[in-house]
Engineer: 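Sending over a structure as structure tokens; questions will come in a sec.
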Amino acid sequence: QNQKEFIGNVSHELKTPITLIQGSIETLQDTSLTTTERTDFFKILSSNTNRMKTLINNCLLLSKLETHYINHLDLKHTSLSHSLEISIQAYVPLASKKHIRINYSQKELQETYCLQNTSLLQEAFNNVIENAIKYSPNHSQLSIQTTIQNKHISIAISDQGPGIPD
């Protein structure tokens, strides 16, 4: 039942960008469009292609996790600050385009090592950081704070976006 529901949801999520892409292609075949109108339709194509790419990548990751990949997590004792820093650096160009300042100090995590699957952890960091930037207004800031208390590590990523409704 869960699998049928999941497939139905994914199909619905993919149908919307495909419909928008198809409509944009059909409209772009009209030779009377202005350059501005064509540019707008190319933006729609790009945005929806990226949306589909994200959906597909998420499905592939979920598939890996469900097909016993989780039993072979390849855990290694690695620097947590290094993993987080790689993800932050990957999104500096996107943040710069929107004039978003990323505030992060690695002091607290500098010498912190933990058992982790670096690629899965970075995937999680990437997802949260990308969404924080994507949904934050221009000229805002993204704050990444880390705390360690009683051998528990907390990483809080806050932005100035609209948030997720309850």
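What you see is a predicted model, and the numbers here were worked out from it, not measured in a lab.
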Engineer: Does the side chain of Ile86 reach to within under 4.5 Å of the side chain of His82, using non-hydrogen atoms?
Structural biologist: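 Yes; the side chains approach each other to less than 4.5 Å.
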
Engineer: Output all residues satisfying side chain to side chain contact (heavy atoms under 4.5 Å, CB included) with Lys98, sequence neighbours left out; order by chain, then residue number.
Structural biologist: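 For Lys98 the side chain to side chain contact (heavy atoms under 4.5 Å, CB included) partners, ignoring immediate neighbours, are Ile100, Ile133, Asn138.
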
Engineer: To the nearest 0.5 Å, what is the distance between CD1 on Ile88 and CD1 on Ile102?
Structural biologist: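 Taking CD1 in Ile88 and CD1 in Ile102, the distance rounds to 6.5 Å.
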
Engineer: If I compare all heavy atoms of Gln145 with all of Ser143, which pair ends up nearest, and what's the gap?
Structural biologist: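 Between these two residues, the closest heavy atoms are CG-OG, 3.7 Å.
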
Engineer: With Ser136, which residues qualify under side chain to side chain donor-acceptor pair (under 3.5 Å), at least two apart?
Structural biologist: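 Expected list: none.
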
Engineer: State which residues pass side chain to side chain donor-acceptor pair (under 3.5 Å) with Asn126; sequence neighbours excluded, sorted by chain then number.
Structural biologist: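 Checked Asn126 against side chain to side chain donor-acceptor pair (under 3.5 Å); matches are Ser87.
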
Engineer: Scan for side-chain hydrogen bond (donor to acceptor under 3.5 Å, both in side chains) pairs involving residues 36-48, sequence neighbours excluded, and state none if there are none.
Structural biologist: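 Of all non-adjacent pairs touching residues 36-48, those that pass side-chain hydrogen bond (donor to acceptor under 3.5 Å, both in side chains) are Thr34-Glu37.
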
Engineer: Main chain of Ser79, side chain of Ser81: is a donor-acceptor contact present, judged purely on distance under 3.5 Å?
Structural biologist: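 No.
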
Engineer: Compile the donor-acceptor pairs under 3.5 Å between side chains in residues 153-163 and protein atoms, sequence neighbours left out, one pair per line.
Structural biologist:
| unit_1 | atom_1 | unit_2 | atom_2 | d |
| --- | --- | --- | --- | --- |
| Asp159 | OD1 | Gly161 | N | 2.7 |
| Gln160 | OE1 | Gln141 | N | 3.1 |

Engineer: According to a 4.5 Å side-chain heavy-atom criterion applied to Ile, Leu, Val, Met, Phe, Trp and Tyr, with indirect links allowed, do Val128 and Tyr135 form part of one hydrophobic cluster?
Structural biologist: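 No, no single cluster joins them.
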
Engineer: Under the rule for side chain to side chain donor-acceptor pair (under 3.5 Å), what residues qualify as partners of Asn127, not counting sequence neighbours?
Structural biologist: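 Once residues adjacent in sequence are excluded, the partners of Asn127 under the side chain to side chain donor-acceptor pair (under 3.5 Å) criterion are Asn131.
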
Engineer: Test: salt bridge (Lys or Arg N to Asp or Glu O under 4.0 Å). Region: residues 121-133. Which pairs qualify, not counting sequence neighbours?
Structural biologist: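 Residue pairs with at least one partner in residues 121-133: there are none.
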
Engineer: So do Leu121 and Leu80 actually touch side chain to side chain, heavy atoms under 4.5 Å?
Structural biologist: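 Side chain of Leu80 against side chain of Leu121, heavy atoms only: contact under 4.5 Å found.
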
Engineer: Output all residues satisfying salt bridge (charged side-chain N to carboxylate O under 4.0 Å, His left out) with Lys134, sequence neighbours left out; order by chain, then residue number.
Structural biologist: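 With sequence neighbours excluded, Lys134 shows a salt bridge (charged side-chain N to carboxylate O under 4.0 Å, His left out) to no residue whatsoever.
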
Engineer: Filter on salt bridge (Lys or Arg N to Asp or Glu O under 4.0 Å), then keep only pairs touching residues 6-34, sequence neighbours left out; what's left?
Structural biologist: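 Sorted pair list: Glu13-Arg51.
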
Engineer: Can you give me the closest heavy-atom contact between Met52 and Ile21, atom names plus distance?
Structural biologist: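 In terms of heavy atoms, the two residues are closest at SD-CD1, 3.8 Å.
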
Engineer: Identify, with sequence neighbours excluded, every residue that meets side chain to side chain contact (heavy atoms under 4.5 Å, CB included) alongside Ser24.
Structural biologist: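 Listed in chain order: Phe41, Ile44, Leu45.
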
Engineer: Under the ring-ring contact (aromatic ring centres under 6.0 Å, His included) test, which residues partner His139, sequence neighbours left out?
Structural biologist: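 Checked His139 against ring-ring contact (aromatic ring centres under 6.0 Å, His included); matches are His99.
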
Engineer: Using the rule that two of Ile, Leu, Val, Met, Phe, Trp, Tyr join whenever any of their side-chain heavy atoms come within less than 4.5 Å, decide whether Tyr113 and Phe125 are in one cluster.
Structural biologist: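 Tyr113 and Phe125: separate clusters.
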
Engineer: Tyr104 versus Leu142: any side-chain heavy-atom pair under 4.5 Å?
Structural biologist: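 No. Closest side-chain heavy atoms not under 4.5 Å.
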
Engineer: Check side chain to side chain donor-acceptor pair (under 3.5 Å) between Thr146 and all other residues, then give those that pass, not counting sequence neighbours.
Structural biologist: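 In terms of side chain to side chain donor-acceptor pair (under 3.5 Å), with neighbours along the sequence ignored, Thr146 is linked to no residue.
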
